[in-house]
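Single-structure report; data block below.
For clarity, every value in this text was computed on a predicted model and none was experimentally measured. In what follows, every chain begins at residue 1, and chains take the letters A, B, ... in the order their sequences are listed.
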Amino acid sequence: MDVQLKRGLLEVCVLSAMRYEDSYGYKLIKDISPCIEISESTLYPILKRLEASRLVTVSSREHNGRLRKYYSITEKGRQRIDDFITEWDSVMQIYSFIKEG
Amino acid sequence: MNKKDFLRKLRLNLFSISHDEREKAIAYYEEMIDDAIDDGMSEEDAVASMGSIQDAVRNIKDDATARGKRVRKIGPWGIALLILGFPLWFPLLVAFGCVLLGIYCTAWGVIISFVATAIGLTLCIIPGIVALVVLFLVHPMAGLFAFGAGLICTAIGLLLIYPVALVVKWGAVFTVNSFKAIFCGFPRKAV
């Protein structure tokens with residue numbers, strides 16, 4: 001897949017994976033991997049960017065005697081998902097146009 | 001590779017980013033590895049699933065620069081090395097500088113000898129005329145010969161004047177530019 005396209009999609013995928021409950025790094029990889037290829041190293045800058053853009057918030061919680069970073073989606077993050085879906089409705093129209101010739 | 005080695009290598013490779021960024025990145029990978037182990041993976045497999053150190057470092061550094069955090073070109077290790085090695089590299093630098101200076105002075109010596117040759121030859125017409133006049137009554141042929149020789153030398157000298165003057169000009173321009181580069185150019189670059 002085109003690198004730039006993938007980068008944009010991954011961000012929204014990560015947001016989507018924490019839509020209904022807070023998540024953490026390892027779980028995000030497991031949840032997203034079946035859908036799109038993502039590595040721990042690629043996830044790291046994505047999470048940092050999401051946090052910097054205030055689309056997610058980070059908190060540290062204790063788990064099994066160590067600290068784990070949990071990510072929660074913000075209102076702005078949910079808005080980003082909605083925007084993506086709206087955008088892609090028009091992309092799908094264009095896709096049908098191209099596919100059907 | 002075990003977890004300790006992976007994190008240690010990661011830390012080493014991240015020396016050029018800020019302390020905060022470095023610690024955050026290491027905490028991220030440590031957490032990932034621990035979660036993979038909790039999930040049932042062996043320590044070796046968990047570390048292997050993190051991918052290569054190179055990939056990790058690249059993603060961490062790219063992100064740090066993209067978000068405007070400064071990536072230092074010379075970290076604390078670089079500076080320490082520079083200071084410790086001072087007794088070694090400084091005299092070498094001075095010696096090298098002296099060699100360059102020596103070459104430069106020699107070059108000018110050669111140029112000056114060419115200038116002297118050109119001027120000397122050009123002036124040969126004077127002794128030529130003197131010889132003609134002095135020997136005119138005593139030995140006219142010798143006088144004529146000396147005059148001719150003097151003329152030839154002068155001709156050669158005059159032909160040499162233009163190329164030699166050009167070489168002197170190049171030498172002067174080179175010197176001025178080097179001076180500017182050494183004493184004025186570098187401060188501008190550091191800014």
Taking a hydrophobic cluster as the set of Ile, Leu, Val, Met, Phe, Trp and Tyr residues connected by side-chain heavy atoms closer than 4.5 Å, whether directly or through intermediates, do [X] and [Y] fall within one such cluster?
| X | Y | result |
| --- | --- | --- |
| B:Leu144 | B:Leu137 | no |
| A:Leu47 | A:Ile36 | yes |
| B:Leu12 | B:Met1 | no |
| B:Phe114 | B:Leu159 | no |

When rounded to the nearest 0.5 angstrom, what is the spacing between [atom1] in [X] and [atom2] in [Y]?
| X | Y | atom1 | atom2 | answer |
| --- | --- | --- | --- | --- |
| A:Leu55 | A:Leu15 | CG | CG | 5.5 Å |
| B:Glu30 | A:Leu67 | CD | CG | 10.5 Å |
| A:Ile73 | A:Ser16 | CD1 | OG | 7.5 Å |

Which residues in residues 34-58 of chain B have a heavy atom less than 4.5 Å from any heavy atom of chain A?
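The residues closer than 4.5 Å to chain A, in numerical order, are B:Asp34, B:Asp35, B:Ala36, B:Asp38, B:Asp39, B:Met41, B:Ser49, B:Met50, B:Asp55, B:Ala56.
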
Under 4.5 Å, heavy atom to heavy atom, which residues of residues 161-177 of chain B contact chain A?
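The stretch does not come within 4.5 Å of chain A.
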
For the candidates A:Leu43, A:Ile46, A:Ile29, which exhibits the highest count of non-hydrogen atom pairs separated by less than 4.5 Å from chain B?
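Among A:Leu43, A:Ile46, A:Ile29, the one with the most close pairs to chain B is A:Leu43.
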
Counting only non-hydrogen atoms closer than 4.5 Å, does A:Arg68 touch chain B with its backbone (N, CA, C, O), its side chain (CB onward), both, or neither?
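Backbone plus side chain of A:Arg68, per the 4.5 Å heavy-atom cut-off to chain B.
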
Contact part of A:Lys30 toward chain B, heavy-atom cut-off under 4.5 Å: side chain, backbone, both or neither?
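Side chain only.
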
Between B:Glu31 (side chain only) and A:Lys69 (backbone N and O only), is there a donor and an acceptor less than 3.5 Å apart?
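Confirmed, B:Glu31 side chain pairs with A:Lys69 backbone.
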
Give a yes-or-no answer on whether the side chains of B:Tyr29 and A:Ser41 include a donor-acceptor pair shorter than 3.5 Å.
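On atom types as modelled, these side chains qualify, holding a pair under 3.5 Å.
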
Salt bridge (charged side-chain N to carboxylate O under 4.0 Å, His left out) for A:Glu75 and A:Arg54? Distances and angles first, verdict last.
CA-CA 9 Å; A:Glu75 256 321 297; A:Arg54 287 197 260 268; over 6 Å; no

Output, in order, the C-alpha distance, side-chain angles, deciding distance and verdict of salt bridge (charged side-chain N to carboxylate O under 4.0 Å, His left out) for A:Arg80 and A:Asp83.
CA-CA 5 Å; A:Arg80 176 79 185 90; A:Asp83 290 343; 5.7 Å; no

